[in-house]
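Just so we're on the same page: letters track the sequence lines, and every chain starts at 1.
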Amino acid sequence: MRIAVCIKQVPTREWQPRLNDTKTWIREQDASFEMNEPDAYALEEALRLKEKHGGEVVVCSAGPSRVAQVIREALARGADRAIHVEADALANADAFVTAEAPGAAMKDERFDLILTGLQSDDQGFAQVGVILAERLGLAHATIIMEVQVAPGGGADRGAGAPGVIKVKRELEGGWFQWVAMPLPALLTIQSGINQLRYATLKGIMAAKKKEIRATPPPATAVARQTIVGLYAPEKGKKTQLISGSPTEAAKELVRRLRDEARVI
Amino acid sequence: MILVIAEQKDGKLNRATWETLVGAQKLAGASGAPVSVLVPGASVSGVAAELATAQIKDVVTVENPALEPYTPDGFTAALRQAIDQVSPTYVLLPHTYQTRDFAPKLATRMDRAIVTDVTAVKTSGADVAFVRPMFQGKLTADVVPQGPTPHFVTFQIGAFRADQVARGASPAPVRALSVPVDASAIRQKPEAPFQQAKQAVDLSQAERIVSVGRGIKEQANIALAQKLADALGAEIAASRPICDAGWLPMERQVGSSGQTVAPKLYLALGISGAIQHLVGMKGSSTVVAINKDPDAPIFEVADYGIVGDLFEIVPAIIEAVKS
Ligand SMILES: Cc1cc2nc3c(=O)[nH]c(=O)nc-3n(C[C@H](O)[C@H](O)[C@H](O)COP(=O)(O)OP(=O)(O)OC[C@H]3O[C@@H](n4cnc5c(N)ncnc54)[C@H](O)[C@@H]3O)c2cc1C
Ligand SMILES: Nc1ncnc2c1ncn2[C@@H]1O[C@H](COP(=O)(O)O)[C@@H](O)[C@H]1O
């Protein structure tokens, strides 16, 4: 099975946001970056599918040169090779432009399965995977918590019958649903679908020899939305902040919960 | 004209549709545009009549057996034709899992802008900007869709209050739009929805909940939170990453994909307050947040907050409760 995984590099969770001068994006030089969390689960799922059904796992990330960090990490975890669609403008591109970048690089590769995360932790569009599926003419399903490949599903599509997969979609409020669809297909993966593996020293060494193909994005992409302002969220509710040493603050909190809120 | 796409299943309306309708009425108020509601499905006359009580221009039904059960291929094919016929300037949807599944596909097929997870609309004269969270709620953006209309906008659950919908003096007219859908071209074959294991704990009935997030750092530290829960007579719950890691069972997860709770006391330990978590606990009467980051979004919904290290504060609270 030939599987592609789309991976985005996003600011770390500990990062404290600071805005650029035009207040339309962040000051990237202050941020440190990591792999978007659901994308790590998508990569793990791809590696597990390869272990079961054979084939190849190719990771693709679109962004400035800094995203090479998550590409190397993915290769160290076991991906076979990588595509880096490189351009500074991809750092804060909208979902249409972003999806165009790997889309062009993937068209010729004819993957059986493309996995993306369900959502990015920075822009949070929840769009890129679905847009990519439509652009490539693939069947898709979103928010996936389990992937089963039917017998023959891993076969080379050129030679055998078209493969079929069955996936478990997460619905709201603890409900799920199985959906079958033909390959090639695109799935957006939800965090928690599997248990992540981490890179081993051996993996890190092996990654150094793996291919990273750099390619520019297509010039055709047109942005369909513009950020005109970026700012700290307005505080809605009045929170009573309790200060003091841990002991003092704890005592005062318990007093207020007893006497004011009357909940304990 | 503003078009709202209603979400229904087996003739039952998803209440988030009302919230989107309130958003549509707000947007219409600014521009004077009429609002229509489109209801896709196999048999939707009941839902259409329900929606017709709102103050809107009309309800448009798109009935086709190929639309039930829901599939992204079926919905994209049908709605593309329907939207072409109705020709709106905005298409508004609730940001549900179903919308997430098909709306980006539909917008791509029509090559039109789509702005997702919107919490508010800002208008100034003819200019409209949509407000949405970014960076996990650490920042907020004003976004302007570009290019030809219609522009697609999806509203975050809870962005508007369903009970604020303006009702009409008399029911709005309902008209049927018939669009062909080639059922054989639908690639997804969905099975009936199901719930995982029977829930052993019903957190919705709990009076007090101590909820842990990634700030708890290690599985071994869950014991500390459990101690606090015991001292308070509370159930223990968690954010999604804690359950993903297997540190607590899935059935103790609070949020959009877990349980919805409304206890008297919800005490959040090391939870950042992502929207998918907040929708599951916003209804709690008293919310306490303990977080080392003073800017964590959880403080926006907290009644009481302590900024600091939970590993220092929690033992102190256990002491204080016992004395
Ligand atoms: C479709 C979808 C559905 C989802 N469903 C759910 C859901 O049902 N429930 C859910 O919870 N999430 C859900 N999520 C995930 C959600 O978006 C967040 O990623 C998640 O809620 C974050 O969990 P957290 O707050 O524990 O972790 P983080 O966001 O990592 O926050 C950890 C917090 O701990 C604080 N902290 C760290 N150390 C300490 C310390 N020593 N003392 C005090 N504070 C500390 C940090 O300041 C930070 O604020 C969903 C996401 C998607 C896309
Ligand atoms: N720049 C990018 N490079 C590679 N994959 C991306 C990029 N942006 C988004 N994706 C993929 O699309 C998913 C959804 O992102 P988004 O639509 O931004 O919420 C992510 O989880 C990634 O798998």
### Query
Are any of the side-chain heavy atoms of B:R100 and A:L118 separated by less than 4.5 Å?
yes
### Query
B:E319 versus chain A, heavy atoms under 4.5 Å apart: side chain, backbone, both or neither?
neither
#### Entry: Flag, side chain of B:R208 to backbone of A:V263, donor-acceptor distance under 3.5 Å
yes
### Query
Of all of A:E134, A:K23, A:Q177, A:E14, which one pairs up most often with chain B through heavy atoms under 4.5 Å apart?
A:E134
## Note on the structure
Most contact-rich option vs chain B, by heavy-atom pairs under 4.5 angstrom, among A:T247, A:T188, A:I143, is A:I143
### Task
I would like to know whether B:L139 and A:I26 meet side-chain contact (heavy atoms from CB on, under 4.5 Å); could you show each step before the answer?
CA-CA 10 Å; B:L139 292 171; A:I26 58 166; 3.8 Å; yes
### Query
Is the number of heavy atoms from other residues, nucleotides or ligands within 6.0 Å of NZ (B:K9) greater than 12?
no
### Task
With the side chain counted from C-beta on, respond yes when A:W25 and B:M134 share a heavy-atom pair under 4.5 Å apart, and no when they do not.
yes
### Task
Could you tell me the separation between the CG atom of B:D244 and the CD atom of A:Q195, rounded to the nearest 0.5 Å?
8.0 Å
### Query
Quick one: does A:P17's side chain get under 4.5 Å of B:F135's, heavy atoms only?
no
### Task
Can you tell which part of A:A223 gets under 4.5 Å to a heavy atom of chain B, answering side chain, backbone, both or neither?
backbone
#### Entry: Non-hydrogen atoms of A:E170 and B:S257 that approach each other most closely
OE2-CB, 2.9 Å
#### Entry: Pairwise distance CD1(B:I290) to CG(A:L253) - rounded to 0.5 angstrom
6.0 Å
### Approximate separation, where rounding is to 0.5 Å, of A:L230 CG and B:K138 NZ
13.0 Å
### Query
About how many Å separate CG of B:D111 and CZ of A:R224, when rounded to the nearest 0.5 Å?
4.5 Å
### Task
For A:A126 and B:P104, work out which heavy atoms get closest and say how close.
O-CG, 3.9 Å
### Query
Which atom pair, heavy atoms only, marks the closest approach of A:T239 to B:Y304?
CG2-C, 3.9 Å
### Message
Any carboxylate oxygen within less than 4.0 angstrom of a Lys/Arg side-chain nitrogen, looking at B:R240 and A:E37?
### Response
no
### Query
In terms of heavy-atom proximity below 4.5 Å to chain B, should A:L257 be classed as side chain, backbone, both, or neither?
side chain
### Task
Against chain A, label B:S323 side chain, backbone, both or neither, depending on which of its atoms sit under 4.5 Å from a heavy atom there.
backbone
### Message
Apply side-chain contact (heavy atoms from CB on, under 4.5 Å) to residues A:Y231 and B:D142 and explain how you reach the verdict.
### Response
CA-CA 9 Å; A:Y231 46 93; B:D142 292 347; 2.6 Å; yes
### Query
Measuring heavy-atom distances to chain A, does B:V288 have an atom under 4.5 Å in its side chain, in its backbone, in both, or in neither?
side chain
### Side-chain donor or acceptor of B:T116 paired with backbone N/O of A:F125 under 3.5 Å
yes
### Query
For B:R214, is it the side chain, the backbone, both or neither that has a heavy atom under 4.5 Å from a heavy atom of chain A?
side chain
### Query
Which bit of B:K292 comes within less than 4.5 Å of chain A, counting heavy atoms only: side chain, backbone, both or neither?
neither
### Task
Return yes if some donor-acceptor pair links the side-chain N/O of A:R258 with the main-chain N/O of B:V321 below 3.5 Å, else return no.
yes
### Summary
Rounded to the nearest 0.5 angstrom, the CZ-CD distance for A:R169 and B:E191 is 13.0 Å
#### Entry: Side chain, backbone, both or neither of B:S256 within contact of chain A (heavy atoms, under 4.5 Å)
backbone
### Message
Tell me the closest heavy-atom pair linking A:P233 and B:G137, and the distance in Å.
### Response
CG-O, 3.3 Å
## Note on the structure
Shortest non-hydrogen pair, B:T140 vs A:A232, comes out as OG1-C, 4.4 Å
### Task
Determine the minimum heavy-atom distance between A:P246 and B:A316, stating which atoms define it.
O-CB, 3.6 Å
### Query
Do B:D101 and A:H140 come within less than 4.5 Å of each other through their side chains, counting heavy atoms only?
yes
### Query
Roughly how far apart are A:I264 CD1 and B:K264 NZ, rounded to 0.5 Å?
10.5 Å
### Query
A:R135, A:Q119, A:R262: which one forms the most heavy-atom pairs within less than 4.5 Å of chain B?
A:Q119
### Message
Please rank A:V130, A:I227, A:D122, A:V254 by heavy-atom pairs under 4.5 Å with chain B and give me the top one.
### Response
A:D122
### Task
State, yes or no, whether a side-chain contact exists between B:F130 and A:Q225 at a heavy-atom distance under 4.5 Å.
no
### Query
Does A:E172 reach the main-chain N or O of B:G258 with its side chain, forming a donor-acceptor pair under 3.5 Å?
no
#### Entry: Winner by heavy-atom pair count (cut-off under 4.5 Å) against chain B, out of A:G192, A:S191, A:A180
A:A180
### Query
B:T108 side chain to A:I131 main-chain N or O, any donor-acceptor pair under 3.5 Å?
no
### Message
Does any part of the side chain of B:D293, heavy atoms only, come nearer than 4.5 Å to the side chain of A:Q16, both counted from C-beta?
### Response
yes
### Message
Report which part of B:I114 has an atom under 4.5 Å of a heavy atom belonging to chain A: side chain, backbone, both, or neither.
### Response
both
### Query
Under a 4.5 Å heavy-atom cut-off, does chain A meet the side chain of B:A245, its backbone, both or neither?
backbone
### Task
For each of A:E248, A:K166, A:R255, tally heavy-atom pairs with chain B at distances under 4.5 Å, and name the one with the top tally.
A:K166
